[in-house]
Student: 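The structure follows.
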Amino acid sequence: MGDPIRIDVAAPSRGYAVWVGSGVLRQLPALLDQVGLGPRRFVVSTPPVWKHWGGSLREVMPDIEAIPVPDGERFKTLAQVSEVYDALVRANADRQSVVVTLGGGVIGDMAGFAAATYMRGIGLAHAPTTLLAQVDASIGGKVGVNLPGGKNLVGAFYQPWVVAIDPDVLSTLPRREFRSGLYEVIKYGMACSRDLYDVILKDLSAISRRAPEALTPVIAACCRIKAGVVTLDERDTGPREVLNFGHTAGHALESVTRYQRFLHGEAVAYGMLVAADVAAGRSILSSANQSALASLITKLGPLPAVSDLFTRPILEQMRHDKKVRDGRIRMILPTDIGTTMTVDDVTDLEVKDALVRCGVGA
Ligand SMILES: NC(=O)c1ccc[n+]([C@@H]2O[C@H](COP(=O)([O-])OP(=O)(O)OC[C@H]3O[C@@H](n4cnc5c(N)ncnc54)[C@H](O)[C@@H]3O)[C@@H](O)[C@H]2O)c1
Ligand SMILES: [Zn+2]
């Protein structure tokens with residue numbers, strides 16, 4: 001086990017370190033001590049994660065107080081936050097108490113929001129356990145919950161004090177969840193870094209086997225990119241937008257299928273193919289690069305079907321997206337491997353043709 005990689009997030013509201021490396025979970029107590037978090041530490045986790053990794057954490061942190069919560073996006077609610085508050089109150093948690101989130105993005109967002117608001121904010125550390133949470137959700141300080149009327153409608157910007165990313169924990173992640181996270185990793189490469197993209201290609205089989213020595217540098221590269229944009233744009237008003245590559249059509253696909261068909265990364269994979277198709281149609285992306293992206297995505301395995309979906313509701317949904325101005329759709333288009341441009345004049349016809357070429361029914 002080598003030394004973990006340290007990435008600094010210099011967000012205006014709070015700077016902190018993200019540690020990436022095999023075995024980092026066991027170093028969590030030392031990392032919390034280092035930033036002065038303690039002494040009472042509450043771990044919020046969920047059975048599928050706790051059953052595999054709770055023991056390791058307890059070995060190094062015997063005093064840890066566990067707050068178990070039920071698993072799944074449908075529990076990313078105010079009611080669940082309220083249950084966490086109740087558990088904190090029952091345990092007499094005070095302002096010096098700390099919440100450690102051990103789980104995927106759902107746990108990080110929900111319990112992070114509880115930490116941001118309990119007694120107007122207590123200490124928070126993330127130990128993300130899905131690839132998606134390791135490369136995206138755990139960095140940047142967005143915490144919150146869903147309302148019946150929509151996703152992530154209530155929340156806050158609340159940066160953690162430390163993030164501990166251990167690729168070893170990915171060994172127990174369901175295969176489909178892991179692959180879904182890999183599409184977000186490809187997003188970072190395609191949108192921001194040819195170096196990362198090349199590493200993904202070169203090490204794809206070791207990455208797919210989840211070899212920690214292959215995963216560590218790749219996760220760290222994604223975290224560096226995310227840390228960079230968060231530093232520039234903590235509250236997501238502009239520069240963070242590049243990380244929405246693949247998300248305009250991706251969100252629409254998730255929404256028209258009521259979040260039942262796709263895992264988030266899978267929808268983003270389609271979204272990247274759609275954006276690449278629009279870009280190639282405008283001759284701002286070469287067809288060689290378009291095919292390269294498509295072949296990388298295909299290599300990871302099959303995506304859920306889209307042939308039974310229709311373009312019209314997807315387009316409607318894209319037009320409802322906040323990125324729309326004057327009926328023209330705003331999209332992040334790839335211009336090369338590692339670079340993008342934002343356009344806000346994409347026509348319905350361009351999107352429709354791209355969707356159909358990506359497999360959507362007419
Ligand atoms: N805050 C942000 O900036 C941000 C960014 C992206 C996504 N998100 C949010 O993240 C959420 C999605 O997160 P997710 O994809 O991590 O899903 P998730 O948290 O639901 O985790 C997916 C599944 O994997 C299980 N799991 C997690 N780690 C495991 C492990 N190591 N071994 C075995 N099982 C494990 C979970 O219990 C769950 O069943 C969404 O709510 C989304 O809105 C937030
Ligand atoms: Zn995403």
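We count ligands from 1, going down the list as the structure has it; atoms in each ligand are counted the same way.
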Student: Nearest heavy atom to atom 24 (O) of ligand 1 wins, so pick from Leu173, Asn146, Thr46.
Tutor: Leu173
Student: Could you tell me whether His52 and ligand 1 have an N or O pair separated by under 3.5 Å?
Tutor: no
Student: Atom 15 (O) of ligand 1: which protein heavy atom is closest, and how many Å away?
Tutor: Leu132 CD2, 3.2 Å
Student: Please tell me if the side chains of His264 and Glu254 come closer than 4.5 Å, counting only heavy atoms from C-beta onward.
Tutor: yes
Student: In the protein, which heavy atom is nearest to atom 39 (O) of ligand 1, and how far is it?
Tutor: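 For atom 39 (O) of ligand 1, the nearest protein heavy atom comes out as Asp71 OD2, 2.6 Å.
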Student: Out of Lys76, Lys51, Arg74, who gets a non-hydrogen atom closest to atom 43 (O) of ligand 1?
Tutor: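 The option holding the nearest heavy atom is Lys76.
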Student: Among all protein non-hydrogen atoms, which one is nearest to atom 44 (C) of ligand 1, and what is the separation to 0.1 Å?
Tutor: Asp109 OD2, 3.2 Å
Student: Give the contacting part of Val49 toward ligand 1: side chain, backbone, both or neither, where contact means a heavy-atom distance below 4.0 Å.
Tutor: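 It is the side chain that gets close, since no backbone atom is under 4.0 Å.
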Student: Which residue supplies the protein heavy atom nearest to atom 2 (C) of ligand 1, what is that atom called, and how far is it?
Tutor: Ala137 CA, 3.5 Å
Student: So which protein heavy atom does atom 40 (C) of ligand 1 come closest to, and at what separation?
Tutor: Glu73 OE1, 3.2 Å
Student: Report yes if the side chains of Leu355 and Ile314 come closer than 4.5 Å at any heavy-atom pair, otherwise no.
Tutor: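 A side-chain contact under 4.5 Å exists here.
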Student: If hydrogens are left out, which of Ser45, Pro47, Gly105 has an atom nearest to atom 13 (O) of ligand 1, that is, the closest non-hydrogen atom?
Tutor: Gly105
Student: Among Asp136, Leu263, Thr130, which one puts a heavy atom closest to atom 21 (O) of ligand 1?
Tutor: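 Checking each option, the heavy atom nearest atom 21 (O) of ligand 1 is found in Thr130.
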Student: Answer whether the closest heavy-atom distance between the side chains of Ile219 and Leu131 falls below 4.5 Å.
Tutor: yes
Student: Less than 3.5 Å apart, any donor N or O on the side chain of Tyr158 or Thr117 sitting next to an acceptor on the other?
Tutor: no
Student: Hey, which N, O or S atom on Glu184 ends up closest to the Zn ion (ligand 2)?
Tutor: OE2
Student: Is there a heavy atom in His264 that sits closer than 4.0 Å to ligand 1?
Tutor: no
Student: Which atoms from ligand 1 have a heavy atom of Asn152 less than 4.0 Å away?
Tutor: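 Atoms satisfying the 4.0 Å criterion: 43 (O).
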Student: Could you see if Tyr197 belongs to whatever hydrophobic cluster contains Tyr183? Use Ile, Leu, Val, Met, Phe, Trp, Tyr and a side-chain cutoff under 4.5 Å.
Tutor: yes
Student: Students should be able to answer this: which protein heavy-atom is nearest to atom 20 (O) of ligand 1, and at what distance?
Tutor: Val106 CG2, 3.4 Å
Student: Please work out, at 4.0 Å between heavy atoms, whether the side chain, the backbone, both, or neither of Val143 comes within that distance of ligand 1.
Tutor: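 For Val143, no heavy atom sits under 4.0 Å from ligand 1.
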Student: Note the single closest protein heavy atom to atom 32 (N) of ligand 1, along with its residue, its atom name and the distance in Å.
Tutor: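 Here the nearest protein heavy atom works out to Thr172 OG1, 2.7 Å.
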Student: Are more than 12 heavy atoms from other residues, nucleotides or ligands located less than 6.0 Å from atom CZ of Arg282?
Tutor: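 Counting neighbours around CZ of Arg282, more than 12 heavy atoms of other residues, nucleotides or ligands fall under 6.0 Å, so yes.
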Student: Check this for me - ligand 1, Glu177, N or O atoms closer than 3.5 angstrom, yes or no?
Tutor: no
Student: Is the His320-His251 ring centre distance short of 6.0 angstrom?
Tutor: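 Ring-ring flag for His320/His251: false, centres at least 6.0 Å apart.
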Student: For Gly103 versus Ala133, what's the shortest heavy-atom pair and its separation?
Tutor: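 Scanning both residues completely, I find the closest heavy atoms to be O-CB, 4.3 Å.
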Student: Using a 4.0 Å heavy-atom cut-off, say whether Pro174 meets ligand 1 through its side chain, its backbone, both or neither.
Tutor: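 Side chain only.
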Student: Only N/O/S atoms count here: what is the atom of His247 closest to the Zn ion (ligand 2) called?
Tutor: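 His247's closest N, O or S atom to the Zn ion (ligand 2) is named NE2.
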Student: At what distance is the nearest protein heavy atom to atom 28 (N) of ligand 1, and which residue and atom is it?
Tutor: Thr129 OG1, 2.7 Å
Student: Does any non-hydrogen side-chain atom of Pro4 lie less than 4.5 Å from one of Gln27?
Tutor: yes
Student: Looking at side-chain heavy atoms only, is the closest gap between Leu293 and Ile186 below 4.5 Å?
Tutor: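 They are in side-chain contact.
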Student: Run the numbers on Asp348 and Arg319 for salt bridge (Lys or Arg N to Asp or Glu O under 4.0 Å), then give the verdict.
Tutor: CA-CA 9 Å; Asp348 286 6; Arg319 272 199 246 100; 2.7 Å; yes
Student: Does NZ or CZ of Arg74 come closer than 6.0 Å to the centre of the six-membered ring of Tyr259, within 45° of the ring's axis?
Tutor: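 Because its charged atom misses either the 6.0 Å distance or the 45° angle limit, Arg74 does not stack over Tyr259.
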Student: Quick one: does Tyr16's side chain get under 4.5 Å of Trp161's, heavy atoms only?
Tutor: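 No; the side chains remain at least 4.5 Å from each other.
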